Amino acid sequence: MTAPAMSSFPLYQQIARKLRASIEAGTLPAGAKMPSVRTLGKDHGVSILTALQALRLLEQEHLVEARPKSGFYVAPQRDTLPAEARPIELAPLEDQAQTHLSIVGTPCRVRLDLANGEAALYPVAKLGILMRQLIYRDPTLLGNHVRGTGHPPLKQQIVRRAFDYGCELSPQELVITHGCIESLALALRAVTRPGDGVAVESPTYFVILQMLRSLGLRAVEISASERGMDLAQLKLALKAGQLRAVISIANINNPTGITLSPEDKSRLVALAERYDVALIEDDIYGDTHFDPVRPRPLRALSDKVILCSSFSKTLAPGIRVGWVAGGRWSSAIASMKYSSTMGTAIYPQAAIAEFLRTGGYDAHLRKLRHTLHKQMTRMRDAIIRHFPAGTVASNPSGGYVLWIRLPAGSLSSRRLFEQARREGIGIAPGYLFAAGGQFDDCIRLNAGFGWNKDVEHAIQTLAGMLGKPWPIRCPAEDW
Ligand SMILES: Cc1ncc(COP(=O)(O)O)c(C=O)c1O
């Protein structure tokens, strides 16, 4: 499959792409002056503003730098990696982090810590009826021995749905798992050996860091800007030959909520191919997008991408069924699945297959997205209203969670976590989202459990713990 045609990108991105190619090819060497906005505007038949947008995009990528009153220049070659982007042995979790991790997700009065919703958000009653009908008709769903890589009717449904969002999967490459976590673990085990370096976005979902730890892998944390993973930094790590694999939550990242632009997705896929490293994509939130159109996974750009997902965020958090499309690694993944858990229980797979076939999954997804968007907006508005000035709130492209940067001098996320728990409020402390405890000035809040007086009060309580709740005069900046 091919990358999207150039013309599908906004003009400024097309101009940036040409300039980027000249910089990467050395036609515009380090230190060279970039064409002025006027020249660019004239050459490409666009406004000065559009030309400026193109240069600003390259500036964000650290490819050019602005010099006051002089214009833009090609940035010096960055051949050294920032310290945090070097491979690091993941030390065992410190005691406090271990304790906090074991507490996140345990019952509390106000659930702002998880990344899913209350049962009412999911069609669990309908699923239950389907399950009873299925087992009545076919007791072998429980009575038979489980073997193989998954229930064929479920695979068929996954393949059919993936086709609609641009991915050509084959049933033979699919392995049905016990959730996306197992999918990621199988993919990692198939493509790495202990000691290998794996790039992850920073911040990233803390279970991925735990997984790297338990598999004896080294993390290479690549900073995420407001556009997602810093691809210039990733390229440096790739060039340094430090990586065996990259894990990306390119659609609706947990915790930042960012979806990579189509252009950055193409660049990421191209980089992984050029340096021959495995690209593992976690697309668990892809179906929870707030934009009208579902974002395409990286896998839509290349069948070399290993695509992982599950039904935990869309159908039923407790059903524990996921899948991995392993492409050229599919037999390695299948044999690891066999030797670790033999197979995934057929009964829930059959129920999901039936639901996808007959149960109005698309109508359910539309409702789910609408509800999540509404709840998220309300929670974000309340944060902007109540949290101290200087708070920065993410503006997620879908999903359940908000990533909040607290103003300088506030409580650390660790302290806030503990104080909030004493009031029965669960939050996810930011420091758990990076191996070295960075992001202790951030918290992740879940909007999935509805918007009601208790949640609003919890937001006010958190704001109170952070200091005097000054009204924010202008809206918090976007992440
Ligand atoms: C990015 C991401 N991947 C995977 C998972 C876990 O998926 P599952 O529950 O299907 O194992 C989560 C859950 O929060 C997640 O946020």
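Every value quoted in this text rests on a predicted model; they were computed, and no experiment measured them. Indexing begins at 1, ligand by ligand and atom by atom, following the structure's order.
Near Arg320, with a cut-off below 4.0 Å to any heavy atom, the atoms of ligand 1 are 8 (P), 9 (O), 10 (O), 11 (O). The ligand atoms of ligand 1 that sit less than 4.0 angstrom from a heavy atom of Ser310 are 10 (O). Contact atoms of ligand 1 toward Gly179: 10 (O), 11 (O) (distance under 4.0 Å to a heavy atom of the residue).
Under a 4.0 Å N-O distance rule, the pair Glu456/Arg385 qualifies as a salt bridge. Using a cutoff of 4.0 Å between basic side-chain nitrogens and carboxylate oxygens, Arg294 and Asp283 are scored as salt-bridged. Between Asp164 and Arg161 there is no salt bridge, since no side-chain nitrogen of the basic residue lies less than 4.0 Å from a carboxylate oxygen of the acidic one. With salt bridges taken as basic N to acidic carboxylate O contacts below 4.0 Å, one links Glu94 and Arg414.
Among all non-hydrogen protein atoms, the one lying nearest atom 6 (C) of ligand 1 is Ile181 CG1, 3.4 Å. For atom 5 (C) of ligand 1, the nearest non-hydrogen atom of the protein is Tyr205 CE2, 3.4 Å. When only non-hydrogen protein atoms are considered, atom 14 (O) of ligand 1 lies nearest to Lys313 NZ, 2.7 Å.
Residue-environment remark: CZ (Arg415) stays at or below the threshold of 12 foreign heavy atoms within 6.0 Å. Atom CG of Asn144 sits in a crowded spot, with more than 12 heavy atoms from other residues, nucleotides or ligands closer than 6.0 Å.
At a 3.5 angstrom cut-off on N or O pairs, Ser312 counts as close to ligand 1. For ligand 1, none of its N or O atoms has an N or O atom of Ala115 under 3.5 Å away.
Nearest residue to atom 7 (O) of ligand 1 from Asn253, Ile252, Ile284 is Ile284 (criterion: closest heavy atom). Between Val401, Ile249, Asn254, Asp282, it is Asp282 that holds the heavy atom closest to atom 2 (C) of ligand 1.
Between Tyr285 and ligand 1 there is a heavy-atom distance shorter than 4.0 Å. The shortest separation from a heavy atom of Glu182 to ligand 1 is not under 4.0 Å, leaving the residue out of contact.
Cation-pi check for Arg444 over Phe433 is not met; the charged atom does not lie both under 6.0 angstrom from the ring centroid and within 45 degrees of its normal.
Under the 3.5 Å distance criterion, with hydrogens and angles disregarded, a donor-acceptor pair is assigned to the side chains of Tyr361 and Thr314.
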